[in-house]
K.L.:
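Below is a structure I'd like to ask you about.
Throughout, residue positions are numbered sequentially from 1 according to the sequence presented.
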Amino acid sequence: MSAAPPEATPPAPAPSAAASLHVRHRAVMPEWLALYYREPLELTHGEGRHVWDVQGRRYLDFFGGILTTMTAHALPEVTKAVAEQAGRILHTSTLYLDRHMVELAERIASLSGIPDARVFFTTSGTEANDAALLLATTHRRSNQILAMRNSYHGRSFSSVAVTGNASWSPTSLSPLQTLYLHGGVRSRGPYAALSDGEFIAACVADLEDMLGQAHGNVAALIAEPVQGVGGFTAPPDGLYAAFREVLARRGILWISDEVQTGWGRTGDHFWGWQAHAASGPPDILTFAKGIGNGMSIGGVVARAEVMNCLSANSISTFGGSPVTMAAGLANLTYLLEHDLQGNARRVGGLLTERLRAIAAGLPVVREVRGRGLMAGVELVRPDGSPAPEAASLALEHARERGLLIGKGGREANVLRIAPPLSLTVAEAEEGAAIIEETLRQVQHAEGKERP
């Protein structure tokens, strides 16, 4: 009797479209170009507060491409403006007049609060901060910069040099001498136990002490009103006003990095600096991300005296392009006409309170913080130390349930929640319910692994 023939080995399943693209990505992209998720997502389209992946699955978007889809995905007013302008002319450069550029600059100058303001457009927040540092160091004839610990200002050589978060600072080589101050993180560090007033006083004393160690002139302080990559941390209101009093006596400029906090995202204010408004507006303000709603726009606003201090020629090939300026104008108009700042305050307040209620019974959550539609959920181990593995697990579980969120913090242990500013109450409740399920699952995993 002959033996039965061996069973045929079933063919290996074909890789998914996203998995195949991931292999190709790794073959040609740098290793340090991070991707979210164990199985990275390829997103193909979006509408409103939702996006779809290549397999057709829909997700509620609570991160907006790193706080960049500010109003909504595929906002008709913006897509129409882009299409119409693209049908006329795509590119001219700053060597030619552009009506959209002038109109958007006029509106931003007026909204900035900076007197006699001038606006220079770039293509990103990194480039905007780079330009601001060039202006400040040239105007003050100094390469000394004050920056905040735990800060992030971009990935160019100069912006890395003022980034106070080691996870995002790949080199110690620098064209600048940077002095790092306390104050950007309220609930950790040597001053965490102090009252708000005592905290501000201690940080001002630290600033005074640091200036005593500087060599002659200091050019500027660059600071995010709410630290974005740092985990949505912020000082008590008024800290930068107190800093400004010290800086102004010495002629030191204040650069407010509004790349993530601008355009009403914090709800209470249009700009983050306005939480510290006792001292008036900053000397220089940088912006990017949300103004283009996905189009590549950044920029600098500064007093004319500061902006005009450059003595050499300068242009921007792609900054202020006709298409991006048309998009920015349409997006800003929509934001203002629909009071999205007010929506961020109302819906963001509801979302944050819901998150705090969820966190109250979960030891894995150390703190829920934020303003408007800019909330951070800090995760810790049972011993109180940062839990980056819990944050990574939370991203995976949230994705499985159809929600996209981000993460940040110095130890990558903070969930970053920043939906488009048109978020509805129903969508906020839906997202909060998913986050609650996610955090309970993460808490269960933490309990099992660390009894």
Side-chain angles (χ1 to χ4, degrees), residues 114 125-126 128-154 156-166 168-169 172-186 189-191 199-230 233-236 238-261 272-273 275-276 278-286 300 302-303 306 309 410:
I114 296 174
T126 289
N129 285 331
D130 192 85
L133 292 168
L134 173 64
L135 291 171
T137 54
T138 301
H139 187 262
R140 292 282 294 160
R141 309 304 302 165
S142 169
N143 75 332
Q144 293 184 95
I145 297 291
L146 300 167
M148 306 305 294
R149 299 182 183 191
N150 196 51
S151 59
Y152 175 82
H153 297 289
S156 67
F157 195 41
S158 67
S159 59
V160 162
V162 295
T163 287
N165 184 326
W168 293 91
S169 184
S172 62
L173 302 175
S174 173
L176 304 170
Q177 182 181 47
T178 306
L179 308 171
Y180 290 101
L181 305 175
H182 286 292
V185 181
R186 177 65 184 92
Y191 306 148
F199 181 94
I200 290 174
C203 292
V204 169
D206 175 61
L207 169 62
E208 296 268 19
D209 181 68
M210 189 65 77
L211 290 173
Q213 302 176 46
H215 301 287
N217 284 349
V218 170
L221 164 69
I222 185 168
E224 306 157 272
V226 179
Q227 294 182 332
V229 171
T233 61
L239 174 73
Y240 294 119
F243 277 5
R244 182 68 181 281
E245 292 181 10
V246 176
L247 301 176
R249 290 197 297 268
R250 296 167 170 81
I252 300 170
L253 304 177
W254 172 25
I255 304 168
S256 187
D257 178 345
E258 302 276 356
V259 169
Q260 296 197 27
T261 49
W273 69 260
H276 310 269
S279 63
D283 300 288
I284 303 174
L285 179 153
T286 62
V300 185
R303 290 186 285 111
V306 176
C309 73
R410 190 173 66 183

K.L.:
If only atom types and distance count, is the side chain of Thr261 paired as donor or acceptor with the main-chain N or O of Val226 below 3.5 Å?
P.N.:
no

K.L.:
Do side-chain atoms of Ser158 reach the backbone of Asp130 as a donor and acceptor pair under 3.5 angstrom?
P.N.:
no

K.L.:
Determine the minimum heavy-atom distance between Ala214 and Leu179, stating which atoms define it.
P.N.:
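For Ala214 versus Leu179, the nearest heavy atoms are CB-CD1, 4.1 Å.
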
K.L.:
With sequence neighbours left out, which residue pairs that include part of residues 140-152 fulfil the salt bridge (Lys or Arg N to Asp or Glu O under 4.0 Å) condition?
P.N.:
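Those involving residues 140-152 do not exist here.
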
K.L.:
Test side-chain contact (heavy atoms from CB on, under 4.5 Å) on Thr137 and Ile145 and set out the steps.
P.N.:
CA-CA 8 Å; Thr137 54; Ile145 297 291; 4.1 Å; yes

K.L.:
Would Phe157 and Leu173 count as a side-chain contact (heavy atoms from CB on, under 4.5 Å) if you check the C-alpha gap in whole Å, the side-chain angles of each, and the deciding distance to 0.1 Å?
P.N.:
CA-CA 9 Å; Phe157 195 41; Leu173 302 175; 4.2 Å; yes

K.L.:
Check whether any side-chain heavy atom of Leu221 sits under 4.5 Å from a side-chain heavy atom of Arg244, and report yes or no.
P.N.:
no

K.L.:
Flag the pair Val229 / Glu224 as yes when at least one side-chain heavy-atom distance between them is below 4.5 Å, and no otherwise.
P.N.:
no

K.L.:
What's the separation between atom OH in Tyr240 and atom CD1 in Ile200, rounded to the nearest 0.5 Å?
P.N.:
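Here the rounded value is 11.0 Å.
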
K.L.:
State the OG1-CG distance between Thr233 and Asn150, to the nearest 0.5 angstrom.
P.N.:
5.0 Å

K.L.:
Check whether any side-chain N or O of Gln144 sits under 3.5 Å from a backbone N or O of Asn217 as a donor-acceptor pair, and report yes or no.
P.N.:
yes

K.L.:
Closest heavy-atom contact between Gly164 and Tyr180?
P.N.:
CA-CE2, 3.5 Å

K.L.:
Of all heavy-atom pairs between Ala234 and Arg186, which one has the smallest distance, and what is that distance?
P.N.:
O-CB, 3.3 Å

K.L.:
Measure the shortest side-chain to side-chain distance between Pro235 and His276 over non-hydrogen atoms and say whether it is less than 4.5 angstrom.
P.N.:
yes

K.L.:
With the side chain counted from C-beta on, respond yes when Val218 and Arg250 share a heavy-atom pair under 4.5 Å apart, and no when they do not.
P.N.:
no

K.L.:
For the atom pair CG (Asn143) and OG1 (Thr138), what is the distance rounded to the nearest 0.5 Å?
P.N.:
11.0 Å

K.L.:
How long is the straight-line distance from CG of Leu211 back to CG of Leu247, given to the nearest 0.5 Å?
P.N.:
7.0 Å

K.L.:
Keeping the roles fixed (side chain from His153, backbone from Ser159), state whether a donor-acceptor pair exists under 3.5 Å.
P.N.:
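No; judged by distance alone, with no hydrogens or angles, the pair does not exist.
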
K.L.:
If you compare all heavy atoms of Gly154 against all heavy atoms of Thr126, which two are closest, and at what distance to 0.1 Å?
P.N.:
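Looking at all heavy atoms of both residues, the shortest contact is CA-OG1, 3.1 Å.
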
K.L.:
Got a donor-acceptor contact below 3.5 angstrom from the Ser256 side chain to the Leu285 backbone?
P.N.:
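No; judged by distance alone, with no hydrogens or angles, the pair does not exist.
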
K.L.:
For Ile255 versus Ala136, what's the shortest heavy-atom pair and its separation?
P.N.:
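Looking at all heavy atoms of both residues, the shortest contact is CD1-CB, 4.1 Å.
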
K.L.:
For residues Leu253 and Leu135, determine if any side-chain heavy atom of one lies less than 4.5 Å from a side-chain heavy atom of the other.
P.N.:
no

K.L.:
Indicate the atoms forming the closest heavy-atom contact of Met148 with His182, along with that distance.
P.N.:
CE-O, 3.3 Å

K.L.:
Any side-chain to backbone donor/acceptor pair from Tyr191 onto Val185? Under 3.5 Å, distance only.
P.N.:
no

K.L.:
Distance check, rounded to the nearest 0.5 Å: Ser151 atom OG versus Ile222 atom CD1?
P.N.:
8.0 Å

K.L.:
Taking Ser174 for the side chain and Leu176 for the main chain, is one N or O donor matched with an acceptor at less than 3.5 Å?
P.N.:
yes

K.L.:
Determine, step by step, whether Leu146 and Phe243 satisfy the side-chain contact (heavy atoms from CB on, under 4.5 Å) criterion, reporting the C-alpha distance in whole Å, the side-chain angles of both residues, the deciding distance to 0.1 Å, and the verdict.
P.N.:
CA-CA 11 Å; Leu146 300 167; Phe243 277 5; over 6 Å; no

K.L.:
Within this structure, what is the CD-CZ distance for the pair Gln227 and Arg410, rounded to the nearest 0.5 Å?
P.N.:
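Reported value, rounded in 0.5 Å steps: 10.5 Å.
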
